[in-house]
Amino acid sequence: TTENKSKVRLAPNQLVDIKGNKTQVRKVDVSEYISWKDNLLLLHQRPVGDVLKKLERYYGCKIRYDAEITTLSLSGKLDLQTDITNVMDNLCLSLSLHYTIIKYMKKYTNRIKLMPKFTKCMSLAMILTFTGYEEAFAEMSYAEQTSFTVSMENQTLKSVINWVEKNSQFIFIYRTDIDLSRRVNVDVRNKTIEEVLKQMFAGTDLEYHIRDRQVIIRKAISREETRP
């Protein structure tokens, strides 16, 4: 009900925006609003600023970031079944960002600061980098336990990603500006996700990272770009 007492009837998969006496009904993907109950954040060309606001509410923390970061957007799915540090690792890996956690003992809250690539301000607080991923998942991971048998010819990268997500617990996240229309061939028998991804991205300018069930796709970064 709006301020002027008018009523709006919604059909399934609709959302109403109310501003003063004005209402606007629009169609939405309901799964984007309820996926959190499955420990997932669904992203469809979602601005990074919106993603960070949702993470603030979900984990009860404060995230600071520069305005330039808000020009980026993400698609795919972000795994929320782990703690905030793992989620930030996955998020930053997909965006080629770094972050620090600043602890405020008096308030018993953590603040996270996002920074593009390597900057001098990284020395302000404890630095969490992307080293030691293998150690973090030293025990048998989902990626090691899961095998695939599939033969796909002349399929887009997006189609193969959809097939993997439908037939496993793996979920992918990537920047919206990454082109997944390239056509590829995949032919594996009882192979891990590693072999599937190798065939998918062979000969492309993309790279992948596997962190348990989360798969991050991003533009390949040269060693020169990763130097401070």
Side-chain angles (χ1 to χ4, degrees), residues 39-46 48 51-52 55 69 72-101 112 114-118 122 127-148 150 156-180 182 184 186 188 191-228:
N39 298 315
L40 287 174
L41 182 56
L42 300 190
L43 308 171
H44 178 63
Q45 300 180 356
R46 184 66 64 87
V48 170
V51 176
L52 297 176
L55 292 180
I69 292 176
L72 305 174
S73 62
L74 287 165
S75 292
K77 301 179 180 72
L78 185 61
D79 189 2
L80 302 180
Q81 68 178 359
T82 57
D83 60 31
I84 184 62
T85 56
N86 279 320
V87 172
M88 291 302 298
D89 284 346
N90 292 339
L91 184 69
C92 288
L93 188 56
S94 66
L95 296 167
S96 299
L97 300 175
H98 287 265
Y99 71 95
T100 65
I101 292 183
I112 298 171
L114 273 175
M115 294 163 290
K117 296 186 178 179
F118 291 87
M122 287 185 70
I127 301 173
L128 301 180
T129 65
F130 303 128
T131 58
Y133 280 168
E134 291 77 15
E135 291 79 2
F137 294 97
E139 61 183 43
M140 193 68 138
S141 67
Y142 177 71
E144 295 172 308
Q145 298 177 49
T146 307
S147 61
F148 295 89
V150 62
T156 64
L157 286 171
K158 180 59 176 173
S159 295
V160 181
I161 287 173
N162 290 341
W163 184 90
V164 171
E165 290 187 332
K166 183 177 179 179
N167 290 276
S168 69
Q169 295 181 30
F170 287 109
I171 53 177
F172 290 71
I173 188 171
Y174 43 88
R175 277 180 54 161
T176 302
D177 58 3
I178 287 180
D179 182 11
L180 297 179
R182 178 188 176 103
V184 298
V186 176
V188 296
K191 297 294 184 180
T192 64
I193 187 67
E194 177 80 26
E195 183 59 34
V196 175
L197 295 173
K198 279 182 180 179
Q199 294 189 22
M200 287 173 61
F201 298 108
T204 73
D205 62 347
L206 302 176
E207 64 182 25
Y208 61 86
H209 298 265
I210 308 167
R211 304 199 66 224
D212 201 35
R213 70 170 184 161
Q214 182 81 72
V215 179
I216 299 104
I217 304 170
R218 70 177 187 181
K219 292 279 188 180
I221 297 178
S222 64
R223 291 185 178 181
E224 286 74 17
E225 290 180 282
T226 59
R227 289 175 182 170

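Predicted, not measured: the structure shown is a model, and the values here were computed from it.
The two residues L74 and L43 come nearest to each other via the heavy atoms O-CB, 3.7 Å. Considering every non-hydrogen atom in both R213 and L40, the closest pair reads NH2-CD2, 3.7 Å. Shown here for R46 and T176, the closest heavy-atom pair between the two residues is N-OG1, 4.5 Å. Taking both residues in full, the closest heavy atoms of I217 and I178 are given as O-CD1, 3.6 Å, listed atom of the first, atom of the second, then distance. Nearest approach of I171 to Q214, heavy atoms of both residues: O-NE2, 3.3 Å. Scanning both residues, S94 and I173, for their nearest heavy atoms gives CB-CG2, 4.3 Å.
Although no hydrogens or angles enter the test, the distance criterion places a donor-acceptor pair under 3.5 Å between the side chain of R218 and the main chain of L93. A donor-acceptor pair under 3.5 Å is formed between the side chain of D212 and the backbone N or O of Y142.
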Worked check of side chain to side chain contact (heavy atoms under 4.5 Å, CB included) between I216 and F172:
CA-CA 6 Å; I216 299 104; F172 290 71; over 6 Å; no
Kindly indicate, with the supporting measurements, whether the criterion salt bridge (charged side-chain N to carboxylate O under 4.0 Å, His left out) is fulfilled by E207 and K219.
CA-CA 6 Å; E207 64 182 25; K219 292 279 188 180; over 6 Å; no
Kindly determine whether E144 and T192 satisfy side chain to side chain contact (heavy atoms under 4.5 Å, CB included), including the steps that lead there.
CA-CA 7 Å; E144 295 172 308; T192 64; 6.0 Å; no
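Put simply, OG on S141 and CD1 on I210 are 8.0 Å apart, with the number rounded to the nearest 0.5 Å. Between the OG atom of S159 and the CE atom of M200 there is a distance of 9.5 Å, given to the nearest 0.5 Å. The CD atom of Q199 sits 9.5 Å away from the NZ atom of K191 when rounded to the nearest 0.5 Å. Considering OG1 of T156 and CD1 of I161, their distance stands at 8.5 Å, rounded to 0.5 Å. To the nearest 0.5 Å, atoms CG (L180) and OG (S75) are separated by 8.5 Å. Rounding to the nearest 0.5 Å gives a distance of 10.0 Å between NE2 of H44 and OG of S73.
Under the 4.5 Å side-chain criterion, counting only non-hydrogen atoms from C-beta, V48 is not in contact with L97. At a threshold of 4.5 Å between non-hydrogen side-chain atoms, the residues V196 and F170 do not count as touching. By the 4.5 Å heavy-atom criterion applied to side chains, F148 and T146 are counted as neighbours. With contacts defined as side-chain heavy-atom distances shorter than 4.5 Å, the pair V215/H209 does not qualify. Side chains of N86 and R211 form a contact here, defined as non-hydrogen atoms less than 4.5 Å apart. Using a 4.5 Å cut-off on side-chain heavy atoms (C-beta onward), L52 and L91 make contact. Inter-residue side-chain proximity for Y174 and Y208 is flagged as unmet; no heavy-atom pair is nearer than 4.5 Å. Between L55 and L78, the closest side-chain pair of non-hydrogen atoms falls below 4.5 Å.
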